[in-house]
Amino acid sequence: MAAAAIPTGGGLRRLHTRPWLQSLCFTTPVCSLSMLASSCLSQSSSIPHSEEPTTTVTKHKTSENNSENPTSYFPKRGQTLELVCETLAFKGKGICKVANSGFIVMCDRALPGEKFVGRVTRRKDNYAEVKKVKTISPHWDCVVAPCEYASYCGGCKTQNLLYEAQVRAKEQQVHELIAHVGKISDKDPEIRGVMKPIVPCDIQFHYRNKMEFSFGTRKWLPPELLLQEGDENNEYALGLHAPGFFDKVLNIDKCLLQSDPANRVLAAIQDCWRDPQFGLSPYNVYSHGGFLKHLMLRAGRNIETGQLELMVNFVTSSYKPELLKPLVEKITSFPDVVSIMNNVNTSVGNTSVGEEEYTLYGKSTITESLRGLAFQISANSFFQTNTHQAEILYKLIEDCACLKGDGSEIVLDLFCGTGTIGLTLAKRVRHVYGFEIVDQAISDARRNANLNGICNATFVQGDLNKIDENFGNYFPKPDIVITDPNRPGMHMKLIKFLLKLKAARIIYVSCNPATCARDLDYLCHGVPEQNISGCYKLRSVQPVDMFPHTPHIECVCLLELC
């Protein structure tokens with residue numbers, strides 16, 4: 001198979017207006033938005049790719065009764081429908097409406113403008129989920145996905161959608177969630193100034209500095225390839241989990257999201273780890289036997305020389321360095337590999353963080369530069385996965401901070417991770433106080449502060465979901481609060497604290513626009529049923545595409561005290 005050409009990065013270009021794109025701003029029906037919000041805010045698991053009962057594929061025809069009372073329509077599980085995708089929802093699922101009924105269905109891997117046949121796999125209170133059975137006509141902005149695994153891997157669901165269309169869809173999702181979940185009225189004349197256009201990513205492939213692969217006892221293949229491969233699916237696998245499965249691994253020889261040097265290391269490991277003479281076995285999630293659990297590849301850059309640095313981390317069920325020796329000898333021949341680590345995780349869980357860590361070759365950390373600062377990255381450090389786009393993200397955060405320049409401000413950095421955001425501001429403020437639940441991240445933050453000669457930053461380990469009335473005693477009243485919570489957003493205890501604290505400015509950095517919109521609503525409008533009053537005005541919402549070809553969206557939101 002000839003390798004597909006990789007699209008080059010670049011700025012956005014204006015496309016001809018498509019009919020489905022004319023509804024980008026605040027025109028999705030309320031019924032779909034309520035469904036979308038409930039889907040985004042829930043933490044439900046993915047639908048397994050199991051086959052549904054066989055049914056006859058028929059075009060849906062609305063009965064006269066349904067025409068008179070369209071809201072009464074409700075599809076049955078296993079029923080097939082002819083649908084047209086209207087737009088993308090959060091998490092990248094296509095939004096469709098059943099003809100003549102207005103009933104909403106969601107379909108994974110359906111793209112705007114695509115006409116297809118879908119089979120109902122799950123019913124919810126006010127919508128259903130379908131699995132695509134057959135494409136009748138493709139979407140208007142269809143492109144050829146350059147990755148051979150794009151149709152099966154859960155990582156890059158929208159590779160076959162033109163990148164400009166991807167970012168427009170993401171911008172639409174953020175605007176709708178802020179307007180409807182955040183209750184920022186689209187009739188407000190200030191809304192156009194608040195909602196900023198999305199910042200695209202100039203580098204659309206090879207942008208990830210960290211990839212994690214899993215070892216599996218059986219290679220997973222999609223149904224359409226299973227018969228072609230025969231019994232080969234019984235082979236061991238090293239790759240990414242098949243969407244919706246914790247126990248099935250799609251074998252990956254090359255990932256277009258990581259660098260070419262990292263792919264060469266992956267290929268070298270793939271070439272030899274199954275050799276029977278090495279006695280290596282993948283971990284079995286059912287019997288809990290086996291040795292190899294995960295392979296993590298991280299990339300950094302030498303601060304002095306600018307040369308690429310690769311870290312290879314083997315996660316194993318026990319410490320047996322003699323078993324890893326052949327692999328270590330194989331990959332040390334690559335000049336970019338400066339660190340080989342072994343995290344030992346004896347638990348039955350699927351985490352890649354070990355209880356013990358050993359250095360098998362080279363040094364225990366690699367380095368990276370961000371906003372003029374140097375950061376040491378260990379095997380389990382949290383660090384922005386897209387370094388190039390993180391530069392832009394952090395510049396947006398700095399712009400929102402509106403620092404006076406006299407070094408007088410106090411910054412409270414919540415969910416600070418390894419301290420990257422706070423440290424990039426530290427030299428221009430009086431003091432930074434960072435809080436994070438992960439102890440290793442706090443250790444990394446302190447080490448990075450010392451590495452950069454920053455003495456006005458204090459990092460404290462603590463659970464921000466369990467704060468009490470004494471939390472405010474740990475620091476002076478801040479002028480600026482930066483909060484960067486994980487996907488569930490902020491706990492109500494923390495929101496109440498911030499409303500009582502009344503800092504002049506809050507910068508909310510979010511990786512989940514649904515929970516972000518909910519929290520913005522609480523901070524601006526309060527929670528009337530709990531007698532909680534809001535006291536902030538939303539000044540700007542800036543979406544940023546950190547991860548092209550995936551459904552993930554980052555946002556930087558600025559709130560000012562009323």
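Positions are given from 1 along the sequence.
- The closest donor-acceptor contact from the side chain of Thr418 to the backbone of Ala445 lies at 3.5 Å or more, if one exists at all.
- Here the side chain of Asn452 pairs no donor or acceptor atom with the backbone of Leu373 at under 3.5 angstrom.
- In this structure, CD1 in Ile553 is found 8.0 Å from CG in Asp545, a value given to the nearest 0.5 Å.
- Ring geometry for Phe435 against Phe475 counts as perpendicular: the plane angle is over 60°, on a 0 to 90° scale with 30° as the lower cut.
- By the 4.5 Å heavy-atom criterion applied to side chains, Glu171 and Met195 are not counted as neighbours.
- A donor and an acceptor atom, one from each side chain of Thr420 and Gln384, are nowhere located under 3.5 Å apart.
- At least one side-chain heavy atom of His139 sits under 4.5 Å from a side-chain heavy atom of Asn160.
- For the side-chain contact (heavy atoms from CB on, under 4.5 Å) test with Cys535, the passing option among His525, Lys502, Lys500 is Lys502; the others fail.
- Closest non-hydrogen pair, Asn448 versus Gln376, comes out as OD1-N, 2.9 Å.
- Taking 4.5 Å as the limit, every side-chain heavy atom of Asn456 sits out of range of all side-chain heavy atoms of Arg430.
- Residue Glu129 is tested with Lys124, Arg77, Arg123, Lys93 for a salt bridge (charged side-chain N to carboxylate O under 4.0 Å, His left out); the sole match is Lys93.
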Could you walk me through whether Met492 and Lys496 pass side chain to side chain contact (heavy atoms under 4.5 Å, CB included), step by step?
CA-CA 6 Å; Met492 185 56 71; Lys496 289 180 180 179; 3.8 Å; yes

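- At distances below 3.5 Å, not a single donor-acceptor pair connects side-chain atoms of Gln166 with backbone N or O atoms of Pro548.
- With a 4.5 Å cut-off on side-chain heavy atoms, Tyr474 and Val460 do not count as touching.
- Nearest approach of Tyr522 to Val527, heavy atoms of both residues: CD2-CG2, 3.5 Å.
- A 4.5 Å side-chain heavy-atom check between Phe471 and Leu464 finds at least one atom pair inside the cut-off.
- Ion pairing between a basic and an acidic side chain is recognised when a charged N comes within 4.0 Å of a carboxylate O; Asp444 and Arg447 show such pairing.
- Asp479 contributes no side-chain N or O that, together with a main-chain N or O of Ala504, makes up a donor-acceptor pair within less than 3.5 Å.
- Nearest heavy-atom pair across Glu391 and Leu370 is OE2-CA, 3.4 Å.
- Within the 4.5 Å cutoff, the side chain of Arg505 has no heavy atoms near those of the Val481 side chain.
- With a 4.5 Å cut-off on side-chain heavy atoms, Leu111 and Cys85 do not count as touching.
- Side-chain N or O atoms of Arg428 include none that pairs as donor or acceptor with a backbone N or O of Glu398 at under 3.5 Å.
- With hydrogens and angles ignored, the 3.5 Å screen pairs no side-chain donor or acceptor of Lys427 with any backbone N or O of Thr424.
- Side chains of Leu538 and Leu559 form a contact here, defined as non-hydrogen atoms less than 4.5 Å apart.
- Going from atom CD of Gln389 over to atom CE of Met546 covers 6.0 Å, rounded to the nearest 0.5 Å.
- For the 3.5 Å distance criterion, the side chains of Thr158 and His549 fail to qualify, holding no donor opposite an acceptor.
- Asp468 places a side-chain N or O within 3.5 Å of a backbone atom of Asn470 that can act as its donor or acceptor partner.
- In terms of heavy atoms, Val429 sits closest to Glu409 at CB-O, 3.4 Å.
- Considering every non-hydrogen atom in both Ala128 and Val120, the closest pair reads CB-CG1, 4.3 Å.
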Just do the side chain to side chain contact (heavy atoms under 4.5 Å, CB included) check on Ile495 and Leu523 with the steps written out, would you?
CA-CA 7 Å; Ile495 290 173; Leu523 291 168; 4.1 Å; yes

With side chain to side chain contact (heavy atoms under 4.5 Å, CB included) as the test, would you mind laying out the steps for Tyr433 and Ile410 before giving the verdict?
CA-CA 8 Å; Tyr433 293 88; Ile410 300 292; 4.0 Å; yes

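- Between the side chain of Asp521 and the backbone N or O of Ala517 there is no donor-acceptor pair closer than 3.5 Å.
- A distance of 11.0 Å separates NZ in Lys196 from CZ in Arg539, rounded to the nearest 0.5 Å.
- Ala165 and Asp141 make their closest contact through CB-OD2, 3.8 Å (heavy atoms, listed as atom of the first residue, atom of the second, distance).
- For the atom pair Tyr508 OH and Ile397 CD1, the distance stands at 13.0 Å (nearest 0.5 Å).
- To the nearest 0.5 Å, atom SG of residue Cys107 and atom NZ of residue Lys131 are 10.0 Å apart.
- For the atom pair OH (Tyr163) and CZ (Phe205), the distance works out to 10.5 Å, reported to the nearest 0.5 Å.
- Side chain of Glu436 to backbone of Gly417: a donor-acceptor contact under 3.5 angstrom is found.
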Criterion side chain to side chain contact (heavy atoms under 4.5 Å, CB included) on Arg487 and Cys511, from CA distance to verdict:
CA-CA 6 Å; Arg487 298 186 64 78; Cys511 61; 3.9 Å; yes

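- Side-chain N or O atoms of Thr385 include none that pairs as donor or acceptor with a backbone N or O of Arg208 at under 3.5 Å.
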